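Report on the following structure.
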Amino acid sequence: MCGRYNVTDSPEIRSLMEQLGLPGIAPRFQHNVPPGGTGEFVIEAADDRYLLPGIWSLLIEPRPEGFGYRPNPKFHTFNARSDRLTSSPLWKKVYPSKRCIVPVSAFHEWQGKQVYNIHPLNEATALAGLWQSWHFGEEQVNSFTVITLPPHPRFSHIHPKSIPLMLRPKDFDLWLDPDFHQVEAFQALMQTHIPAPLVCEPVRGTNDLKPIGNAEILAAD
């Protein structure tokens with residue numbers, strides 16, 4: 001799973017936004033973004049790209065107390081399994097035309113109580129996602145999910161169930177093209193892989209990213 005991430009003010013995140021075609025724009029800097037929290041994602045529409053805010057969980061609903069929105073409690077939709085993108089009624093509806101990229105500095109996984117801050121070597125992270133726009137009365141609210149791949153044998157000691165789909169710059173244009181609906185072209189991306197050398201660094205916590213041990217670097221496939 002991919003259940004926490006951070007966005008820090010860094011040259012790496014600025015470089016990623018330039019590669020995404022949005023120079024001078026950056027997502028809001030925040031630590032420990034959880035499912036149901038507000039993050040930002042990049043889409044393409046009418047031959048332009050935009051950074052949009054949204055709730056991290058594709059299915060959302062108004063909060064029962066009468067203000068704000070929350071993930072639908074009946075379904076966990078902050079992650080979308082790659083092997084279900086073309087079979088699940090929910091994912092196959094948005095996969096052909098509602099693809100997005102979630103630009104983050106790093107994502108987190110845990111070994112027991114130990115937090116790991118994980119990102120490509122010397123880079124920010126382009127997480128592949130899907131998004132949706134909802135209307136509640138007169139208000140429009142966006143939401144998004146992060147795609148996860150099957151377990152990777154060299155990552156399984158960090159997290160044994162999955163690894164998020166991290167895109168490379170060569171993937172950005174086709175992935176973001178809302179008019180490209182031939183999703184079979186992404187079949188190779190949906191196989192578990194490590195696309196670039198991956199830093200797995202033990203840190204003090206999700207809100208304190210100071211390293212407390214040696215980082216492990218996992219080689220790319």
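Quantities reported herein were computed from a predicted structural model and do not represent experimental measurements. Sequence positions, counted from 1, serve as the residue numbers for this chain.
Note on R70 versus E65: no salt bridge recorded, every NZ/NE/NH1/NH2 to OD/OE distance being 4.0 Å or above. Ion pairing between a basic and an acidic side chain is recognised when a charged N comes within 4.0 Å of a carboxylate O; D177 and R99 show no such pairing. Between D83 and R81 there is a salt bridge, since a side-chain N of the basic residue sits under 4.0 Å from a carboxylate O of the acidic one.
Ring planes of W134 and F136: parallel class, angle under 30° (limits at 30 and 60°). Using cut-offs of 30° and 60° on the angle between ring planes, the pair Y95 and F186 is tilted. Using a 30° and 60° split on the angle between ring planes, W56 and Y5 fall in the tilted class, from 30° to 60°.
We find the CG-OG distance between L149 and S82 to be 5.0 Å, quoted to the nearest 0.5 Å. One distance of note links NE2 of H119 with CE of M166; it measures 11.5 Å at 0.5 Å rounding. Remark: T77 OG1 to L59 CG distance equals 4.0 Å, nearest 0.5 Å. Going from atom CG of L174 over to atom CD of Q182 covers 9.0 Å, rounded to the nearest 0.5 Å. For the atom pair NE2 (H152) and CG (L218), the distance works out to 8.5 Å, reported to the nearest 0.5 Å. In this structure, M17 CE and R49 CZ are separated by 10.5 Å, a value rounded to the nearest 0.5 Å.
Here the shortest heavy-atom pairing between P197 and A220 reads N-CB, 3.8 Å. Across R4 and P35, no two heavy atoms sit closer than the pair NH1-CD, 3.5 Å. Across every non-hydrogen atom of I13 and S105, the tightest pair is CD1-N, 3.9 Å. When every heavy atom of T86 is checked against every heavy atom of K92, the shortest pair comes out as O-CD, 3.8 Å. When all heavy atoms are compared, the tightest approach of L58 to S143 is O-OG, 2.7 Å. In terms of heavy-atom proximity, L176 sits nearest to I43 at CD2-CA, 4.3 Å.
Residues H135 and V141 fail the side-chain proximity criterion, which asks for heavy atoms closer than 4.5 Å. Counting heavy atoms from C-beta on, the side chains of I101 and L167 come closer than 4.5 Å. Contact check for I60 versus Q132: no side-chain heavy atoms found under the 4.5 Å cut-off. Two residues are said to be in side-chain contact when any heavy atoms from C-beta on lie closer than 4.5 Å; R154 and L198 fail this criterion. Considering only heavy atoms from C-beta on, V199 stays 4.5 Å or farther from I118 through its side chain. In this structure, L130 and W91 have side chains that are in contact, with non-hydrogen atoms separated by less than 4.5 Å. Here the side chains of P103 and P27 are in contact, with some heavy-atom distance below 4.5 Å. Using a 4.5 Å heavy-atom cutoff, the side chains of L189 and D171 are in contact.
When hydrophobic clusters are built by joining Ile, Leu, Val, Met, Phe, Trp and Tyr residues whose side-chain heavy atoms come closer than 4.5 Å, directly or via intermediates, F107 is not grouped with V115. Linking ILVMFWY residues whenever their side-chain heavy atoms come closer than 4.5 Å, directly or via other members, places L22 and V7 in the same cluster. Put simply, L90 and F75 are part of the same group of oily side chains (I, L, V, M, F, W, Y) that touch within less than 4.5 Å, one to the next. No continuous path of ILVMFWY side-chain contacts below 4.5 Å connects L121 to V203, so the two sit in separate hydrophobic clusters. Both V33 and F29 belong to a common hydrophobic cluster when Ile, Leu, Val, Met, Phe, Trp and Tyr are linked at side-chain heavy-atom distances under 4.5 angstrom.
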key: Step-by-step salt bridge (charged side-chain N to carboxylate O under 4.0 Å, His left out) determination, E61 to K74   = CA-CA 11 Å; E61 65 179 24; K74 295 181 181 179; over 6 Å; no

Y69 vs E139, test: side-chain hydrogen bond (donor to acceptor under 3.5 Å, both in side chains). Steps then yes/no. CA-CA 11 Å; Y69 301 91; E139 189 169 7; 2.7 Å; yes

Passes side-chain contact (heavy atoms from CB on, under 4.5 Å), Y50 versus V42? Steps please.
CA-CA 6 Å; Y50 304 89; V42 174; over 6 Å; no

- prompt: Under the side-chain contact (heavy atoms from CB on, under 4.5 Å) criterion, do L127 and V104 qualify, and how do the steps go?
  reply: CA-CA 7 Å; L127 297 175; V104 309; 3.9 Å; yes

E123 vs L16, test: side-chain contact (heavy atoms from CB on, under 4.5 Å). Steps then yes/no. CA-CA 8 Å; E123 295 179 15; L16 175 57; over 6 Å; no

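In this structure, Q30 contributes its side chain and G39 its backbone to no donor-acceptor pair below 3.5 Å. Under a 3.5 Å cut-off, the side chain of H181 and the backbone N or O of P178 do form a donor-acceptor pair. Listed for the S162 side chain is no donor-acceptor partner under 3.5 Å among the backbone atoms of T148. Panel note: side chain S88, backbone L85; no donor-acceptor pair is recorded below 3.5 Å.
Atom CZ of R84 sits in a sparse spot, with 12 or fewer heavy atoms from other residues, nucleotides or ligands closer than 6.0 Å. For Q140, the CD atom is densely surrounded, since the number of other residues' heavy atoms within 6.0 Å is greater than 12. By the neighbour-count criterion of 12 heavy atoms within 6.0 Å, atom CG of D47 is sparsely surrounded, having that number or fewer from other residues, nucleotides or ligands. The environment of NE2 in H76 is sparse: at most 12 heavy-atom neighbours from other residues, nucleotides or ligands sit within 6.0 Å.
For the side-chain hydrogen bond (donor to acceptor under 3.5 Å, both in side chains) with N6, the qualifying choice from N117, N207, N32 is N117, the only one to do so. Between Y116 and the choices E216, Q111, H108, the side chain to side chain contact (heavy atoms under 4.5 Å, CB included) rule is met once, by Q111.
Counting only N and O atoms by type, the side chains of N142 and S133 include a donor and acceptor under 3.5 Å apart.
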